[in-house]
**Student:** 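Below is a structure I'd like to ask you about.
Letters go in sequence order (proteins before strands), and every chain restarts at 1. The structure presented is a predicted model; accordingly, all values stated were derived computationally and were not measured.
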Amino acid sequence: MHEGSITVRLPADLREIERLNRVVRQFGDLHEVPSRVLYAVNLALDEVVTNVVRHGFDDTAGQEIVAQIVARSGEMTTEVTDAGRTFNPLEMPPPNLEAPLSERTLGGLGIHLVRSLMDGLEYRRENGKNVLTMRKRIR
Amino acid sequence: MHEGSITVRLPADLREIERLNRVVRQFGDLHEVPSRVLYAVNLALDEVVTNVVRHGFDDTAGQEIVAQIVARSGEMTTEVTDAGRTFNPLEMPPPNLEAPLSERTLGGLGIHLVRSLMDGLEYRRENGKNVLTMRKRIR
Amino acid sequence: MQIKESKQGEVLILTISEHLDSATSTVFESRLLGLVDRGERKIVIDCGSLEYVNSAGLKVFLLAAKRLEPLGGKLVLCALAPSVLMIFEMIGFTRIMKIVPSLDDALKALGGEAAPA
Amino acid sequence: MQIKESKQGEVLILTISEHLDSATSTVFESRLLGLVDRGERKIVIDCGSLEYVNSAGLKVFLLAAKRLEPLGGKLVLCALAPSVLMIFEMIGFTRIMKIVPSLDDALKALGGEAAPA
Ligand SMILES: Nc1ncnc2c1ncn2[C@@H]1O[C@H](COP(=O)(O)OP(=O)(O)O)[C@@H](O)[C@H]1O
Ligand SMILES: Nc1ncnc2c1ncn2[C@@H]1O[C@H](COP(=O)(O)OP(=O)(O)O)[C@@H](O)[C@H]1O
């Protein structure tokens, strides 16, 4: 594995997320990140950024989301920064995974995936921005 | 352009340099580094690392060279660290570019290229290692 | 994403491939729900070439399963790659959906015959 | 790197492509110097598809030019990409080698006829 990082600034627009996913995969190839780890980081980042675009702003025009990925030996860290409304995903209740089909609701899947895929999540509000840090161990 | 970095540790072996060159080009693509800048960094790094492999050690077995590339807005920085013999390329005299064909010598082209391609070079000996830092402006 | 459709007796087979994400899930949703609306009751989704699914894609499976249930229909998923199956497990879909290893298993589960070899 | 060889009257044309680096320059060196040794005196190197050259590759051009000069021979390079030409300029090779824009120019410079269109 090659240590390193990339910072991607992307307009708050759903069509940009495909581009972000492509960059994440290329980063993983270049840095020789184990595919299981890359898969988890790719998906978690997709969910978080999609949520910011969908729920973060009254008007997304001109808004930018910053995603930073860092690969170190033993760990991959991903940080998402946005100036959207204050939102701490760690405070969301988990969906009821035991409910029968007829009672399962459609919401809450994204954040639950992020929590399950990552080994550590930290949220802070800083300078009027949400900063979510996600850690994934590389074993 | 996407800011970021990569650190590559490679065995001191000429056959590894092709791999290094490939990584540098992929890094440039991923980070959307202007092609002129990437070309210069690619070539300068090739020359420096080739020299370390060729001239740095009595015995290259088990030796490792570390190349770090950092892309920032406005500048690309490349740092090569090796535990080879003390060698400061800034102290080498430039080749005589005015000499007629019959008097031109074959040596000294690599270091001259590195100096010409880069906008800034710094050399230091640190903890028994050569550390060469090369800067290239992005305009 | 690519979607292919075929029919085997009463069973409708949808084959989806590559990435089922926010951009492609709307297409998949209208296609799959459209099939339920036009009367299909036994539906197999062959995920053998599906590499990536996010929550937008997962919701489509849930929506279709929920819509089919009161109609007496059934949705069966087959051939999920290990990484995709892991995601289905994480959100508890393996409890509420029929997920089987192969297309043959899916056809058997729907009471039809296995595909000719 | 790929090397192709052709002959046009007295002129030998070597076409090299992609990367002329430490790994490939030894092959290029023995090929080019071999041609001089077997008596070729008018040599064109068509660099139209050459994307990358480092000092190991540059040395081969210098070596060949130096060897040809006392023999009354001549080396002409043509069709260099701007980035490659920049490297030749940096090390002063544009002063001591004949470098021309096109293969036709190279053939003319060697007193032969231009290639048929
Ligand atoms: N960045 C955000 N800003 C504001 N609200 C958010 C944000 N991200 C998520 N949410 C809220 O959390 C809920 C759950 O999100 P998630 O688990 O991704 O599922 P879904 O988006 O499908 O509902 C969303 O419906 C939304 O109300
Ligand atoms: N890392 C190094 N360690 C020791 N000596 C070096 C190193 N790099 C270069 N040199 C010396 O500097 C000389 C000039 O290097 P360079 O300009 O690359 O041309 P060349 O390697 O073709 O001679 C080399 O011949 C070698 O003697």
**Student:** Using 0.5 Å steps for rounding, measure from the CD atom of A:Gln68 to the CD atom of B:Glu3.
**Tutor:**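 Here the interatomic distance stands at 9.5 Å.
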**Student:** Tell me if the CZ atom of A:Arg85 is crowded by more than 12 foreign heavy atoms within 6.0 Å.
**Tutor:**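 Counting neighbours around CZ of A:Arg85, more than 12 heavy atoms of other residues, nucleotides or ligands fall under 6.0 Å, so yes.
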**Student:** Kindly indicate whether the side chain of B:Val8, heavy atoms from C-beta on, has any atom under 4.5 Å from the side chain of A:His2.
**Tutor:**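 Heavy-atom side-chain distance check passes, below 4.5 Å.
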**Student:** Using a heavy-atom cutoff of under 4.5 Å, enumerate the residues of residues 103-118 of chain A that contact chain B, numbered in order, or state 'none'.
**Tutor:**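 Answer by number: none.
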**Student:** Just wondering, are more than 12 heavy atoms of other shown residues or ligands nearer than 6.0 Å to CZ in A:Arg125?
**Tutor:**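 For A:Arg125, atom CZ is crowded (more than 12 foreign heavy atoms under 6.0 Å).
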**Student:** Do any of residues 19-54 of chain A have a heavy atom less than 4.5 Å from a heavy atom of chain B, and if so, which, in residue order?
**Tutor:**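 Counting heavy atoms that sit under 4.5 Å from chain B, the residues of residues 19-54 of chain A involved are A:Arg19, A:Val23, A:Gln26, A:Phe27, A:Leu30, A:His31, A:Glu32.
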**Student:** In Å and rounded to the nearest 0.5 Å, what is the OG1 to CE distance from B:Thr7 to A:Met1?
**Tutor:**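 Answer rounded to 0.5 Å: 9.5 Å.
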